[in-house]
Amino acid sequence: MTHEMRPKLLLIDGHSMAFRAFFALPVENFTTTTGVATNAVYGFVSMLISLIKEENPTHVCVAFDAPGPTFRTEQYPEYKGTREKTPEDFKHQIPLIAEVLHAMGITTLEKPVIEADDILATLASQGSEAGMDVLVCSGDRDTLQLVTQHVTVLYPRRGVSDLARMTPQAVREKYGVAPVNYPDIAALVGETSDNLPGVPGVGPKTAAKWITQFGDLDNLLAHADDIKGKVGESLRAHLQDVRRNRRLNRLLTDVELPAAVTDVTRKPWDRPELDRLFESLQFRTLRDRLNTIAVAGDDAPAQASGAAIGAQIVDNESISLAQWLGEEAAPFGLAIDGRGTPVNADAWSVAVGRADGEAVVVNLEESDPDQDASLRAWLADPAAPKVTHGIKWIDHALAARGMTLAGVTFDTELAEYLSRPDQRSYDLASIVETHLHVTIDSVDESGQGALDFDDGGANVGLASQSVAIARLAAQQGAQLADAHESALLADLELPVAEMLARMERAGVSVDIDLLRGLDEDFAATAAQCAQEAYDVIGHTVNLGSPKQLQEVLFGELDMPKTKKIKTGYTTDAAALAELFAKTQHPFLEHLLAYRDATKLRQTVQGLLKAVAADGKIHTTFQQTVAATGRLSSTEPNLQNIPVRTQAGRAIRRAFVAGSDFETLVTADYSQIEMRIMAHLSGDDALIEAFRSGEDLHNFVGSRVFGVSVDAVTPAMRSKIKAMSYGLAYGLSAFGLSKQLNIEVSEARSLMADYFERFGAVRDYLHRVVEEARQTGYTETILGRRRYLPDLNSDNRQRREMAERMALNAPIQGSAADIIKVAMLQVDRAINDLGIHSRVLLQIHDELVVEVAPGETEQVTKILREQMGSAASLSVPLDVSVGVGHSWFDAGH
DNA sequence: CCGTCGACGTA
DNA sequence: CGTACGTCGACGGG
């Protein structure tokens, strides 16, 4: 089935985009020799050219706000009342833009009393009805209410060239509600820039929650009395404001216009006029760019960039899904529209695509029972090979529909991460472009698909994604095999992803009351510290503002200057401690204590905010972020819960076993990085240190200082400890002297003594950098690579940075490999025994397990055995295990 | 409004 | 002038 070319209508809010352009481009760079500011014209026209080139619309219209009052200001005189008056340099640019548009054969519209957005809304609705694909380009979020399957809003993110494609999914993801309900949210939250106050205390989160709960604003307002708490009161006190906001943010779709939507086709250019205009505006490059786009009337419009991935959507009502899925042995690409979060996940439609271009899209909301059953069976079949892009995400979305995912043999996101671990993002569209040199139809910036329904109701964008994923896998698979990283994907990262999905969904139970108590305690401490600090200096100051602190410390109090940073002098904890040593000024003590308390409070508040409806915290583990192969944890980050100080560690009391469970067990590797160092370097002395069973730092200290193990003093031990760990990070003598507060010469001789005794460590560190410089990458014990092109940089700073990364990557990365293996082994052992305990968290060298009743002994045994055997190194892997009611109690 | 910076929590 | 992260508040340009 092919798709007929639908007419494409591009609608632009002239004022709003020109205004954005005005602020995005520095006026100094865009002034003609005669002193006329042209930055807004330049930015606007530049954006327009890109849009026309990329989207190739058949119809274009630019709407402007007419001068004078609008019907909104008539209803509410304060509307947009807080806006500063239009900058002088801007005003004259609007007519210039209009002139360029006319010369380009583009229709412009404005109408007294009506705003540009209302014109756009009217045309968008007409266009939709006429079967057009509509793009609305505006910096006014009110236009989001127009978004449908056929209407996409292009919303400027930065400047005017970076536009977010706001499809129904994108709106849902960003605001948590369907586009039609966006104005409901906006009415509740209010709009500062329009001078429309909302309900105090209600932000986008609360608003979205309410709208989801009550369906729409009217129903919410009808049940305003049911809303409990302070926000409920606040809502009832501002009902009128909300109603007014909603009245004002509704865009008109029935404005009488001089042109119908079918009239706004692209007309021929007036070449002489365009040349004259660009000449007088002194836009040389822009004129050249203009000539690269298709002129209206020319046939065969230029492709955006190469070809697009075409998918032939197989009409799933005319075939047997089961049969179609059985026809092909090669892996299918699997793409999903939905939400892949640990909680509130959902899946709306599923696309399954083949590398040859055929695809089936199943709408989960309305698929028939047979089809649903076939799809379920296929998804759950471990023998039916599938390729995903972001398997954990997909797993969550499907799980929300009670669907099991098995048989995923490849994941294009994880594959790309292994091939290029330093990338900032791995969105499907850009990977497809780099590997296949084609674009995907209708993929939004999240890479997770945009609706673009054709007449049959199937989803072209999603289908294209599934096809692209299938094609991508073949190419990446070869690349991965060349790098000997195929097993790393299949046997490590893929199963880890699946396990992480279960860990995230399980969540960790928290004692909310305990957290609330801590919050209050920390708040009280912070308030007291702040007051004491104010008393010392005789006035208040924002202790959280480094800028204001600098004024107090180095201005008022005239303290010695600390280390220089971009914005002046640092006020970090180390510097403040040093200042206190010098000045004994009590302000510093109070400030440091305040910092401690507020930091802890922030942590607690972050946790409280993250507690889901089930009373648990569900973090998200990021598997493709850390370049070394580690995981990271977000929303909230459960890998940086305090442990070092007593007050901080108390927060861990709030993490407890869930209701069907008995206790928590935590197991961690001791000194895993140093053990890896011993293994990789093959240093006999260091290996002996670990085999001897002596305390590592005492052992090393005894060799470095030439005394017996018993004679190593705590001071000696801490120096050794700092140095040992520093070495794995590429520490210099300078850095060591800084940290230990000793002379550089002393640090240097300490390092010399160290390497005298542990020479193979020095040789190894040297070797690893040199090899990486030759090959271009470092490798972990499982063959995970990190590419470091900067090792050959001419820039010393960059080169030395890369050298430290090269030192660290094999060590940190191997530790990451080992704990990932351990996770899988622990998971499997738990499964094999058929017991019900489960791993909840991974904190780089530690696993936290929730233990089902009566399983404590089995679990501790599994942890010791499986973590201990996750790798065979030339030194033992030492695991320490703790059991307790909370994470605090289990700690050791 | 959003990105960046400084600060600081973890391994 | 020690690696790898994430999050917060303040700030400043947009």
Side-chain angles (χ1 to χ4, degrees), chain A residues 19-26 43 139 141 155-160 162 191-193 421-422 542-550 563 565-576 592 595-596 598-607 609-610 619-622 625-645 648-649 651-652 668-669 671-673 722-739 744 747 786 796-797 800-813 815-816 819 841-846:
Chain A
F19 208 60
R20 291 268 180 164
F22 179 77
F23 281 111
L25 301 173
R141 274 188 303 280
Y155 184 80
R157 250 184 302 227
R158 261 196 329 252
V160 284
D162 184 9
E191 184 64 72
T192 336
S193 64
D422 280 276
N542 183 348
L543 297 174
S545 162
K547 191 165 163 264
Q548 294 183 32
L549 284 177
Q550 286 181 45
K563 191 176 69 178
I565 53 171
K566 280 180 196 166
T567 53
Y569 300 94
T570 183
T571 66
D572 68 21
L576 294 183
L592 282 166
R595 283 237 182 106
D596 278 345
T598 45
K599 178 75 184 175
L600 293 174
R601 182 161 187 235
Q602 275 179 16
T603 302
V604 170
Q605 289 181 324
L607 292 174
K609 261 180 39 192
T619 186
T620 298
F621 288 103
Q622 305 293 337
V625 166
T628 52
R630 274 191 176 179
L631 301 178
S632 72
S633 157
T634 61
E635 289 182 285
N637 181 355
L638 295 185
Q639 290 179 324
N640 72 343
I641 302 305
V643 68
R644 289 171 202 211
T645 66
R649 194 157 55 233
I651 297 174
R652 295 183 172 223
D668 66 53
Y669 285 118
Q671 297 136 349
I672 189 168
E673 296 198 345
M723 183 158 59
S724 290
Y725 278 101
L727 287 177
Y729 301 149
L731 187 69
S732 64
F734 179 89
L736 186 63
S737 73
K738 265 292 202 204
Q739 176 169 343
V744 179
R786 180 171 187 186
R796 198 180 88 164
Q797 194 168 336
E800 290 183 342
M801 182 70 172
E803 287 171 354
R804 290 191 295 274
M805 291 175 177
L807 288 180
N808 180 250
I811 299 170
Q812 190 183 115
I819 192 146
L841 300 176
Q842 186 252 51
I843 306 97
H844 308 307
D845 65 355
E846 172 185 6

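A, B, ... follow the sequence lines: proteins, then strands. Residue 1 opens every chain.
A distance of 9.0 Å separates CD1 of A:Ile843 from CD1 of A:Ile641, quoted to the nearest 0.5 Å.
Residues that satisfy the ring pair (Phe, Tyr, Trp, His ring centres under 6.0 Å) test with A:Tyr669, not counting sequence neighbours, are absent from this structure. Every residue meeting the salt bridge (charged side-chain N to carboxylate O under 4.0 Å, His left out) condition with A:Glu673, not counting sequence neighbours, appears here in chain and number order: A:Arg630. For the side chain to side chain contact (heavy atoms under 4.5 Å, CB included) test, residues two or more places apart in sequence or in another chain that qualify with A:Phe23 are A:Phe19. A:Tyr729 pairs by the side chain to side chain donor-acceptor pair (under 3.5 Å) definition with nothing, not counting sequence neighbours.
A donor-acceptor contact under 3.5 Å links the side chain of A:Arg630 to the base of B:dA11. Applying the 3.5 Å distance criterion, the base of C:dG6 shares no donor-acceptor pair with the side chain of A:Gln639. With hydrogens and angles ignored, a donor-acceptor pair under 3.5 angstrom links the side chain of A:Asn640 to the base of B:dG9.
OP1 or OP2 of B:dT10 lies within a sub-4.0 Å distance of a side-chain N or O belonging to A:Arg644. When the side-chain nitrogen and oxygen atoms of A:Ser632 are compared with OP1 and OP2 of C:dG6, one or more of them lie within a distance under 4.0 Å. For C:dC1, neither phosphate oxygen OP1 nor OP2 lies less than 4.0 angstrom from any side-chain nitrogen or oxygen of A:Arg796.
Between the OH atom of A:Tyr729 and the P atom of C:dA4 there is a distance of 10 Å, given to the nearest Å. The CZ atom of A:Arg649 sits 14 Å away from the C1' atom of B:dT10 (whole-angstrom rounding). Going from atom CD1 of A:Ile811 over to atom C1' of C:dG2 covers 12 Å, rounded to whole Å. In this structure, A:Asp668 places its CG atom 14 Å from P of B:dT10, rounding to the nearest Å. Distance, A:Tyr155 OH to B:dC1 C1': 7 Å, rounded to whole Å. Between the P atom of C:dA4 and the CZ atom of A:Phe621 lies a distance of 21 Å, rounded to the nearest Å. In this structure, A:Gln671 places its CD atom 14 Å from P of B:dA11, rounding to the nearest Å. Rounding to whole angstrom units, CG of residue A:Leu607 and P of C:dT7 are separated by 11 Å.
Across all their heavy atoms, A:Leu543 and A:Leu549 have their closest contact at O-CD1, 3.4 Å. When all heavy atoms of A:Leu576 and A:Arg595 are compared, the closest pair comes out as CD1-NH1, 3.5 Å.
When each of A:Lys609 and A:Thr628 is assigned the nucleotide of DNA chain C bearing its nearest heavy atom, the one mapping closer to the 5' terminus is A:Thr628. Each of A:Pro636 and A:Asp422 has a nearest nucleotide on DNA chain C; the 5'-most of these lies closest to A:Asp422.
At the heavy-atom level, A:Gly735 lies under 4.0 Å from the strands shown only through sugar-phosphate atoms. Contact annotation for A:Ile641: backbone-only contact, meaning every heavy-atom pair under 4.0 Å involves sugar-phosphate atoms and none involves a base. Residue contacts for A:Phe22: at a heavy-atom cut-off of 4.0 Å it reaches no nucleic acid atom on any strand shown. Among the atoms of the strands shown, none is found under 4.0 Å from any heavy atom of A:Ala815. Among the protein residues, A:Thr570 comes within range of the sugar-phosphate backbone only, with heavy atoms under 4.0 Å from sugar or phosphate atoms but none that close to a base. Residue-level contact check: A:Ala809 touches neither bases nor backbone, having no heavy atom under 4.0 Å from any strand. Looking at heavy-atom distances under 4.0 Å, A:Met801 makes contact with sugar-phosphate atoms alone, never a base. Nucleic acid contact class of A:Ile565 (heavy atoms, under 4.0 Å, all strands): sugar-phosphate only.
For A:Thr634, the listed nucleotide lying nearest its side chain is C:dG6; candidates were C:dA4, B:dT10, C:dG6. Ranking B:dT10, B:dC5, C:dA4 by closeness to the A:Val643 side chain, first place goes to B:dT10. The side chain of A:Thr571 lies closest to B:dA7, out of B:dT10, B:dA7, C:dT7. Listed candidates were B:dG9, B:dA11, B:dC1. Nearest to the side chain of A:Asp845 is B:dA11. Relative to the side chain of A:His844, the nucleotides B:dG9, B:dA7, B:dA11 differ in distance, and B:dA11 lies closest.
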Distance-only donor-acceptor hits, side chain of residues 801-811 of chain A, under 3.5 Å, sequence neighbours excluded:
| unit_1 | atom_1 | unit_2 | atom_2 | d |
| --- | --- | --- | --- | --- |
| A:Glu803 | OE2 | A:Arg773 | NH1 | 3.1 |
| A:Glu803 | OE2 | A:Arg773 | NH2 | 3.0 |
| A:Asn808 | OD1 | A:Gln812 | NE2 | 3.2 |
| A:Asn808 | ND2 | A:Ala728 | O | 3.1 |

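A:Ile819 places none of its side-chain heavy atoms less than 4.5 Å from the side chain of A:His844.
With P as the reference atom, B:dT4 and C:dG2 are 25 Å apart, rounded to whole Å.
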Quiz item: What string of B, S and - do you get for nucleotides 9-14 of chain C 5' to 3' if you count protein non-hydrogen atoms under 4.0 Å?
Solution: SSSS-S
